[in-house]
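Taking it in order: structure first as structure tokens, then the write-up.
Just so it is clear: chains get the letters A, B, ... in the order the sequence lines come, proteins before strands, and each one is counted from 1. In this text, all values refer to a predicted model and were calculated from it rather than measured experimentally.
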Amino acid sequence: MTATDSISELRGAVEEAARALRDGERTEPPPTLDRPPKPELGDYSSNAAMLLAGPLGDNPRAVAERLRAELEGSLGDGGDIDRIEVAGPGFVNLFLSDAWYRRALAALAGSGDALAAVATDAPERVLVEGPSANPTGPLHVGGGRLAAYGDAVVRLLEAVGHEVEREYYVNDAGAQVGTFADSIGARMKGEGPPENGYGGEYVSELAERIAAEGIGPEDREALGLRGIELMLEGVRETLGRFGVGIDTFASERAIYARGEVESALARLDAGGHTYRSDDALWLRTTSFGDDKDRVLIKSDGEPTYLTADVAYHWDKLQRGFDRLIDVLGADHHGYVGRIRAAIAALGGDPDAFEAQIMNLVHVVEGGERVQMSKRSGDFVSLDDLLDDIGVDATRWFMLWRSHETTVDLDLELARSQSSDNPVYYVQYAHARIASILRKAEGSAAGAAGGDGGDRIVPLEPGEKALIKRLLQFPDEVRESAARRAPHRICAYSTAVAADFHSFYRDCQVVGAEGEGVERSRLALCRAAKRTIAEALGLLGISAPERM
RNA sequence: GCGCCAGUAGCUCAGUUGGAUAGAGCGUCGGUCUACGAAACCGAAGGUCACAGGUUCGAAUCCUGUCUGGCGCACCA
């Protein structure tokens, strides 16, 4: 038996009862099985009667009564329920027995991995691209948010059984490389940055380092290439330190070098999707839902950024991925229509392409926003942030809000190692449990293990609440993965920690009296500890044994 | 002007295939350490879910319109 079975069994029983009332016909959408808002309303609750009222032509409360009779038969025989009530507009509320809770806990304790049960029935090959920040400077906090998010989404997708690769697209071609080279060259000559150039302190350091390698300011190409190479090295180091693994770095130059841009252009041309106007080559993206057509080759003969990107996305599809997820900054959201259109024009499935738009992150200190601008060089780099508040707090504060909303990262809050800081709150719960388990190793019950299945003492409300919370984990992971919403995992782990702390206040664990009580509470502690660790693991955050 | 995102407690935000009296953290006020970690717990105050219509047994959630804020609307990347 696995952890989800306790919930799935109940859900199945409700669906079964609903079907019985409709002579075997299934109800669409399927009835819910939720936790009601208040404990007086039972352990679990279903809206099945309201859904059935229409088709059956009966009022919801009457239908609910019939459902209750069905369920009392099916669940009652197994001794799973204390009682069933009909309430409100027609909710069917289930009050579960201690026997059900003991079995649920045994199932939790018995499965070595809380996530074992979440596998999807439709695994996909997915490529997640991000943060793909320009290699003309170090990663800043915005890139860090893209990286943290992309990485958490990858972990979620892998947890539910998808086959995922992570890729970083390197813009190492085009005009910006020249600008970057000029900026480095200017520094070598002791000059300020050129107009629209890069002026950060790191450019000076780069200039020094590259000069020492014997490359002079006049060698523009070598300057640009080497500069980007070195920046990318730094990016890799930062990402590594941040716990973000990238499987492949895809080079824009390489896309050109392999002739993929030409072949993409040829394919678009052959499909009749391009035309010439004003000396430029245009892609008719409006045929595929874009607002206006886009230029592929400028009148000066140079391709646009879009052209390489189209070739790149086509390349990704050709590599056999079922789904492409691009993690993009909010300032790129105008871009997704073009890519979709281009994919369609190339004959691909535009729905295979999915853009996750990340909103901005503002670093706040003392109520004021710290300014960020790569051009002036006055920005908070991800490295600086990691030095300041550490990997765990950084990841937490970049993930705990929906990616669609802007987030203010309050340095003082993130730095504080106190109860104010939610990441420590969750980690503290984990460390506290670890401490209890260490203490229990000496006791007979702790050494014996087991799940307390022989327990006859009734369960406390705090124990039941925690068990229900832990049972929720697989659904939470599935939902978070499906919606690409790691912030839900932050909220969930906070809730587990809160439920644990309440349980801990009410229930003595080590040395608890009563047959099997200590054993069952230790089993609950182990399950809670493992769940917190796995939840934090999905976020790339550590779960310390001590703090 | 057009598009995307947002508008929920004093602040920061959760809350989507439509469910019961809308939640959490911070802040404020008041309690709890001679038992396993007080980095914790318990309680209180705090809401026209931006506004107006609509859909139905039921709307923060779906539809339409309006207002406000952020971002984007290149032969830049």
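- Residue C507(A) is in base contact, counting any heavy-atom pair closer than 4.0 Å across all strands shown.
- Neither OP1 nor OP2 of C71(B) sits under 4.0 Å from any side-chain N or O of Y335(A).
- In this structure, a donor-acceptor pair under 3.5 Å is present between the side chains of D293(A) and Y275(A).
- With its glycosidic angle more than 90° from 0, C42(B) adopts the anti conformation.
- Within the structure, every side-chain polar atom (N or O) of T406(A) is placed at least 4.0 Å from both OP1 and OP2 of C5(B).
- One can find a donor-acceptor pair under 3.5 Å joining the base of U12(B) and the side-chain atoms of R401(A).
- As judged by a 4.0 angstrom heavy-atom cut-off over every strand, S435(A) is placed among the base-contacting residues.
- The phosphate of U16(B) has OP1 or OP2 within less than 4.0 Å of a side-chain N or O from R483(A).
- Listed pair H332(A) / C71(B) fails the phosphate criterion, with no side-chain N or O lying under 4.0 Å from OP1 or OP2.
- As judged by a 4.0 angstrom heavy-atom cut-off over every strand, D331(A) is placed among residues touching the sugar-phosphate backbone only.
- Taking atom C1' in both G18(B) and A74(B), the straight-line distance is 43 Å, to the nearest Å.
- Across all strands shown, Q508(A) has heavy atoms under 4.0 Å from base atoms, whether or not it also approaches the sugar-phosphate.
- At the heavy-atom level, R488(A) lies under 4.0 Å from the strands shown only through sugar-phosphate atoms.
- Side-chain contact check for D392(A) and Q427(A): at least one donor-acceptor pair (N or O, by modelled atom type) lies under 3.5 Å.
- With sequence neighbours excluded, no residue forms a salt bridge (Lys or Arg N to Asp or Glu O under 4.0 Å) with E513(A).
- Rounded to the nearest Å, the gap between the P atom of U12(B) and that of G19(B) is 26 Å.
- Within 4.0 Å of K292(A), counting heavy atoms only, lie sugar-phosphate atoms of the nucleic acid but no base atom.
- Among the atoms of the strands shown, base atoms are found under 4.0 Å from some heavy atom of H333(A).
- Not a single donor-acceptor pair, N or O on each side, falls under 3.5 Å between the base of A77(B) and the side chain of T304(A).
- Base-pairing analysis of RNA chain B finds the following stems of at least three consecutive Watson-Crick or G-U pairs, with both pairing distances under 3.5 Å: B:1-7 with B:67-73, B:10-13 with B:23-26, B:28-32 with B:40-44, B:50-54 with B:62-66.
- Between H313(A) and D326(A), the side chains place a donor N or O and an acceptor N or O closer than 3.5 Å (distance only, hydrogens not considered).
- The aromatic ring of Y504(A) does not stack onto the base of C41(B), failing the criterion of a centre distance under 5.5 Å from the six-membered base ring together with planes under 30° apart.
- At a threshold of 4.0 angstrom between heavy atoms, the contacts of T32(A) with the nucleic acid are absent.
- Residue S299(A) is in base contact, counting any heavy-atom pair closer than 4.0 Å across all strands shown.
- For the pair F91(A) and A20(B), the ring geometry qualifies as stacking, because the centroid separation is below 5.5 Å while the planes lie within an angle under 30°.
- A cation-pi arrangement, defined by a distance under 6.0 Å to the six-membered ring centre and an angle within 45 degrees of its axis, is present between R83(A) and F95(A).
- Ring orientation note: the planes of H403(A) and Y149(A) are tilted relative to one another, at an angle of 30° to 60°.
- Comparing the same atom, C1', in A39(B) and in U34(B) gives a spacing of 22 Å after rounding to whole Å.
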Tell me which donor-acceptor pairs under 3.5 Å the side chains of residues 40-48 of chain A have, and how far apart each pair is, sequence neighbours excluded?
| from | atom 1 | to | atom 2 | distance (Å) |
| --- | --- | --- | --- | --- |
| E40(A) | OE2 | K38(A) | NZ | 3.4 |
| D43(A) | OD1 | Y101(A) | OH | 2.7 |
| D43(A) | OD1 | K468(A) | NZ | 3.0 |
| D43(A) | OD2 | L96(A) | N | 2.6 |
| S45(A) | OG | N93(A) | OD1 | 3.0 |
| S46(A) | OG | T32(A) | O | 2.8 |
| S46(A) | OG | A48(A) | N | 3.2 |
| N47(A) | OD1 | T32(A) | N | 2.9 |
| N47(A) | OD1 | T32(A) | OG1 | 3.0 |

| task | Go through the steps for V407(A) and F397(A) under the test side chain to side chain contact (heavy atoms under 4.5 Å, CB included), then give the verdict. | result | CA-CA 8 Å; V407(A) 62; F397(A) 281 97; over 6 Å; no
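- The base of G3(B) is not paired with the side chain of D291(A) by any donor and acceptor separated by under 3.5 Å.
- One can find a donor-acceptor pair under 3.5 Å joining the base of A20(B) and the side-chain atoms of N93(A).
- Atom P of G7(B) sits at a distance of 13 Å from the matching atom of C51(B), rounded to the whole Å.
- Across all strands, A434(A) comes closer than 4.0 Å to no nucleic acid atom at all (heavy-atom distances).
- Using modelled atom types, no side-chain atom of Y312(A) and backbone atom of V261(A) make a donor-acceptor pair closer than 3.5 Å.
- On the P atoms, C42(B) is 23 Å away from G47(B), given to the nearest whole Å.
- Toward the 5' end of RNA chain B, the nearer of the two residues E302(A) and T405(A), judged by each one's closest nucleotide, is T405(A).
- Positionally, the nearest nucleotide of RNA chain B for P37(A) lies more toward the 5' end than for the other of A429(A) and P37(A).
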